[in-house]
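Just so we're clear, the structure is a prediction, and the values are computed from it rather than from any experiment. In what follows, chains are A, B, ... by sequence order, proteins preceding strands, each numbered from 1.
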Amino acid sequence: MGSIVNTQQIINGLQVGSIYALIALGYTMVYGIVRLINFAHGDFFMLGAYAAYAAFYLFNTWFAKGSGILAFIVLLASMAAGGGVALLSNRFAYKPLRYKPKLSSLITAIGVSMFLEYFFSALPAIGPSFRAFPTVLPKRQIPIGQATISNYVVIDLAVAAILMIGLTLLVKKSSLGKAMRAVSQDKDAARLMGIDVEKVIGWTFLIGGAFAGAAGLLSGMTYPRIFPYMGIQPGLKAFIAAVLGGIGNIPGAVLGAYIMGLAETFASAYNSLLGEGIAFAILIVVLLVRPRGILGEKIADKI
Amino acid sequence: MRPYAFVAALLVFVALSAGAQEIKIGGIGPVTGEAATFGVSTKNGMTLAVEEWNAKGGVLGKKIKLVFADDKGDPAEGATVYTKLIQQDKVVALVGTVMSKVTLAGAPIAQAAKVPMISPTSTNEKVTQVGDYIFRACFIDPFQGTVGAKFAYNDLKARTAACIFDVGNDYTKGLSENFQKAFLALGGKVVAYEAHPTGTTDFKAQLTKIIQAKPDVIYCSDYYNDDALIATQARELGYTGPFVGGDGWDSADLVKIGGAAVENCFFTNHYAPDATTPAVLTFVKNYKARFKTSDAPDALAALGYDAMYIMLDAIKRAGKADGVKIKEALAKTDLAVVSGQVKFDANRNPIKAAAIIEIKGGKQVYRTTVNP
Amino acid sequence: MKHFRTPKLSLYALAFYALIMALSLTGLINGYIQHIINQSLIYVILAVSLNLINGITGQFSLGHMGFAAVGAYVSGAITTLVFKVSPEAGFAGYAVFVGGIVAGGLAAALVGVLIGFPSLRLKGDYLAIVTLGFGEIIKTVLNNIPAVGGPRGLLGIPKFSNFSFIFAAAFLTLVVIRNLVESSHGRALVSIRENELAAELAGVDTTRYKVLAFAVGAFFAGIAGGLFGHLLQIAHPTQYGFMGSVLVLIMVYTGGVGSLTGSVIAAFALTFMSEGLRIVIDSLAEATSLPIGGEWRMVIYALLLVFIMLFRTEGLMGTKEARFLVIGDPAKEGTR
């Protein structure tokens, strides 16, 4: 078993999990409050990566490469792009369908996702080809005994942890968070209590999209290759992680993401030909044992 | 009813497009979807070849019109566009498509309609076995794997090897399978044989396992986008040995993404961009000018260009835009193109040697030529 | 016998069949349009059968193409690998083909039952994940069976599927599922969608009915997969992945949840829209000499999809059925 479960593989699994966690955090927030499977979330992630790419080459003549200031500007650009487009797609594609059957907005979400992917792929300035992502921060390898860990893993882990705590505090403590929880429980009752439901949902999309954008930047740094279809797989994995953790449960999404990352890594190490299938089988078993997700609460059915 | 409106639109279009004084060649490739970058390169290659021929007066005294259709990298879509180009646009010949699985859905349609076709890049052996109208411009799976194994064993003196490939992609799996077979036959040992899922960006689970097995060489048969990440991650995990791969490595983006990690990497290719044959020089120069890029074209662009050249040359020699004549002329092809002097064997596969390219100082450098 | 009376539907179907055959024989529609019609009809089978699971019964399956994959591979293996028949073999060949398609459907139904069982415990998006996972597992399994080609796909499948076969299969699918929906079993399925707990309290064996919906839906998806394989002459794991399932899902919801008529219309409309846009783009490029090509087709497709849902939020048909699809009193139309 030493070749399958060892320090290096655990680190590998944590790295995969952190990227999933970063995307899943924004995902689960929108998902928990609007109950929309936002297929386009992975594409906000992609936009964040492209915005970071553009910002880097726009500003790298003014600031030193590898400097904190440049990294901060790049981060802002990626969050602005992700959040901005999320807000726009909410306004034009999801809001008009708010009180319609929720599956109608599922289809517009698929439509928005396809539009973003194909549009960026068709635009001559961007095109479908892979782009090398710049080294925003210098990369270092830190040896731990037999294993080695990259400083990016540490950054990804730290950012995921900070965002998770911040988001939980926001939802649990702030008045916006209180409004968010109210909207997620009952939109009509929330409105009667004087909550501007659309404003709250707008904020939710903005924050969720910005998180996706930031995840795009971190993913671009960790795996330095971006292309217009890069959001499909991570978006799907984030959806799975969010559901696995329990819909709308923020620590659950992070936990779900790490379980997926570790499951994929160990499954691939055990038998790489069947790896993906084993990982999905693990997920199914987990859901059969915990049908409402790992941290999901049992809610009584309404009759 | 929507469908009838479309049918009506289609009929009008047929009426309008009939009777032009041009020769229509169908081009197929995935220009949308996850394989789009490969499709666009191939399409650019085809377009450039057609424009060069048209500048010289076309073929058989007529202008050439490239009717290009997108297959999205999907066999179902592929079958539809092959049918469209043959039945609707009435093309005289087909150049396409990129992915073997799609070509295999289209080839029976071309064969049944007796429209000669040449696939620029479909490496699956079965493609040309569909029938005598089906040709290809690229290597087949067993060839590159075997050449890679010979190079690793004889030139790099490797005795143990590991393979890594995409489990859902027939090209990369085929190369690794054949590398393994040939490397074992030479007396080497394959110490790890690992697959990764399609579309993943993290290969460390597999690479950790590979590196624990301590191979002399890693055979990595993916496309350049994955190759660059695999090399980077392997270096991070402490692997310093060489990588060997197939023509999927060929792209200017390999070094851009992989940086120093892709040094000490070798791959089999159709041509070397630093080669000095006139065909290569003209192609690289014209490609850069036409598509306003400073990067050398990748292997897919070269093969798209070559496939179109081979097809147009055959039409010229056939003397008539007729399926049977073109097919016969294709079989007798003996033409110097970018990827070398091309002749077809009895199975309509090109006979050509493979160049081994080395990445040195961030540049692709010709290392040696290996004959099959 | 009431449920097997289908005079109007049969009449319309026969008229459609005769029209297409006549147009095809006189050369008014060429092989290309015929191919699109064939493909649309296969999507009709897929969309109608998914509608039974997602629309009528209110479950959420994201892995419908997984069932189609089972059908395609099982039937393809029977005709290509076991019996090695081709259309030239005449009646015997076609008998094997039909047998293979049915066997493919049954195998898919079996898998459907297997997936139906987890659905007993899971609801909504949790179920969606499990079906999605099953779809991916099927893909992984197919990639690892060398006998059916692994990632190369199952090649050299004989071309048995033609308009007549596909049309007959689509017609039968529609009749069977329509009859099921209109029967007392169908009421039970709808009651699960409307309120599962209430249905259970009212004495509906929800377990049995959910498995029934999955089994029947999977059976027809398997049939569609088999026909697809014998039309394209190749079955490939990637054809039946997540994106394929999403396309069928789009058809169900743009057509209208729970409306079989809507699924039929959407299957045709979206398939023709996707192909029609090729011609629109090409003509546009020709007329304006702009450097636009095939890469813009899917951009417009995606936009149209969003617009359809914005302007027909309940889908093209809502929950309504065309009159000839309703058995008995036409006044019942739209009351479900």
Side-chain angles (χ1 to χ4, degrees), chain B residues 1-3 5-7 9-11 13-14 16-17 29 31-33 36 39-40 43 67-81 83-89 100-102 104-105 107-109 112-113 124-126 129-130 166-174 195 197-198, chain C residues 23 28-37 39-40 42 136 139-140 142-144 146 149-153 155-157 159 228 231-239 241 243-244 265-266 268-276 278-283 286 293-299 301 316:
Chain B
M1 284 291 278
R2 230 162 259 265
F6 276 117
V7 173
L10 289 172
L11 290 173
F13 183 75
V14 179
L16 287 175
S17 59
V31 294
T32 60
V40 168
K43 182 189 176 188
V67 187
F68 192 88
D70 172 29
D71 67 37
K72 277 166 83 183
D74 171 32
E77 198 98 354
T80 309
V81 296
T83 315
K84 172 185 182 282
L85 292 172
I86 293 169
Q87 303 270 354
Q88 179 84 27
D89 302 312
S100 293
K101 62 181 179 187
V102 189
L104 281 161
I109 299 168
N124 189 320
E125 281 173 275
K126 295 257 165 69
Q129 292 168 13
V130 169
D166 181 340
V167 70
N169 185 308
D170 56 338
Y171 160 79
T172 85
K173 192 174 181 195
T198 309
Chain C
L23 287 173
L28 278 169
I29 55 176
N30 61 26
Y32 172 47
I33 296 168
Q34 182 69 62
H35 184 83
I36 307 174
I37 293 173
Q39 220 166 342
S40 305
I42 290 175
E136 295 299 307
K139 215 169 85 179
T140 308
L142 291 175
N143 269 334
N144 284 291
R152 284 181 190 85
L155 307 174
I157 303 177
K159 188 169 180 169
F228 222 173
L231 180 70
L232 303 176
Q233 300 181 256
I234 178 174
H236 197 273
T238 54
Q239 271 177 281
M243 293 317 282
I265 292 175
F268 267 94
L270 288 175
T271 313
F272 269 84
M273 185 170 98
S274 156
E275 286 303 313
R278 275 186 213 285
I279 287 153
V280 171
I281 292 278
D282 286 351
S283 322
E286 198 115 321
E295 57 272 23
W296 286 94
R297 177 173 68 106
M298 295 311 290
V299 179
Y301 181 91
L316 294 168

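Ranked by heavy-atom pairs under 4.5 Å with chain C, the first of B:Val67, B:Leu104, B:Asp70 is B:Asp70. Contact count versus chain C (heavy atoms, under 4.5 Å) is highest, among B:Asp74, B:Ile86, B:Asn169, for B:Asn169. With chain B as the partner, the residue from C:Lys139, C:Met243, C:His35 showing the most heavy-atom pairs under 4.5 Å is C:His35.
Looking at B:Thr32, the atoms closer than 4.5 Å to chain C (heavy atoms on both sides) all sit in the side chain, from C-beta outward. Residue contact with chain C, scored on non-hydrogen atoms closer than 4.5 Å, is absent for B:Val130. Contact annotation for C:Gln233: only side-chain heavy atoms (C-beta onward) come within less than 4.5 Å of a heavy atom of chain B. Proximity to chain C is limited to the side chain of B:Lys126, based on heavy atoms less than 4.5 angstrom apart. Of the two parts of C:Arg152, the backbone and the side chain both hold a non-hydrogen atom closer than 4.5 Å to a non-hydrogen atom of chain B. Both the backbone and the side chain of C:Leu232 have a heavy atom closer than 4.5 Å to some heavy atom of chain B. Using a 4.5 Å cut-off between heavy atoms, C:Ser40 makes no contact with chain B at all.
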Side chain to side chain contact (heavy atoms under 4.5 Å, CB included) assessment of C:Glu295 paired with B:Lys43: CA-CA 11 Å; C:Glu295 57 272 23; B:Lys43 182 189 176 188; 3.9 Å; yes
Worked check of side chain to side chain contact (heavy atoms under 4.5 Å, CB included) between C:Arg297 and B:Lys72: CA-CA 11 Å; C:Arg297 177 173 68 106; B:Lys72 277 166 83 183; 3.7 Å; yes
C:Glu275 vs B:Glu77, side chain to side chain contact (heavy atoms under 4.5 Å, CB included): CA-CA, chis, key distance, verdict: CA-CA 9 Å; C:Glu275 286 303 313; B:Glu77 198 98 354; 4.3 Å; yes
Audit row: C:Thr238, B:Thr198, side chain to side chain contact (heavy atoms under 4.5 Å, CB included) steps and yes/no: CA-CA 10 Å; C:Thr238 54; B:Thr198 309; over 6 Å; no
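The CG atom of B:Asp170 lies 8.5 Å from the CG atom of C:Leu155; values are rounded to the nearest 0.5 Å. With rounding to the nearest 0.5 Å, the separation of CG in C:Asn144 from NZ in B:Lys173 is 6.0 Å.
For the residue pair B:Pro75 and C:His236, the shortest heavy atom distance occurs at CG-CB, 4.2 Å. Across every non-hydrogen atom of B:Val167 and C:Asn143, the tightest pair is O-CG, 3.8 Å. When all heavy atoms of C:Tyr32 and B:Gln88 are compared, the pair lying nearest together is CD2-OE1, 3.1 Å. In terms of heavy-atom proximity, C:Pro151 sits nearest to B:Gly168 at CB-C, 3.7 Å.
Counted by atom type alone, C:Gln39 and B:Thr80 present one or more donor-acceptor pairs between their side chains at under 3.5 Å.
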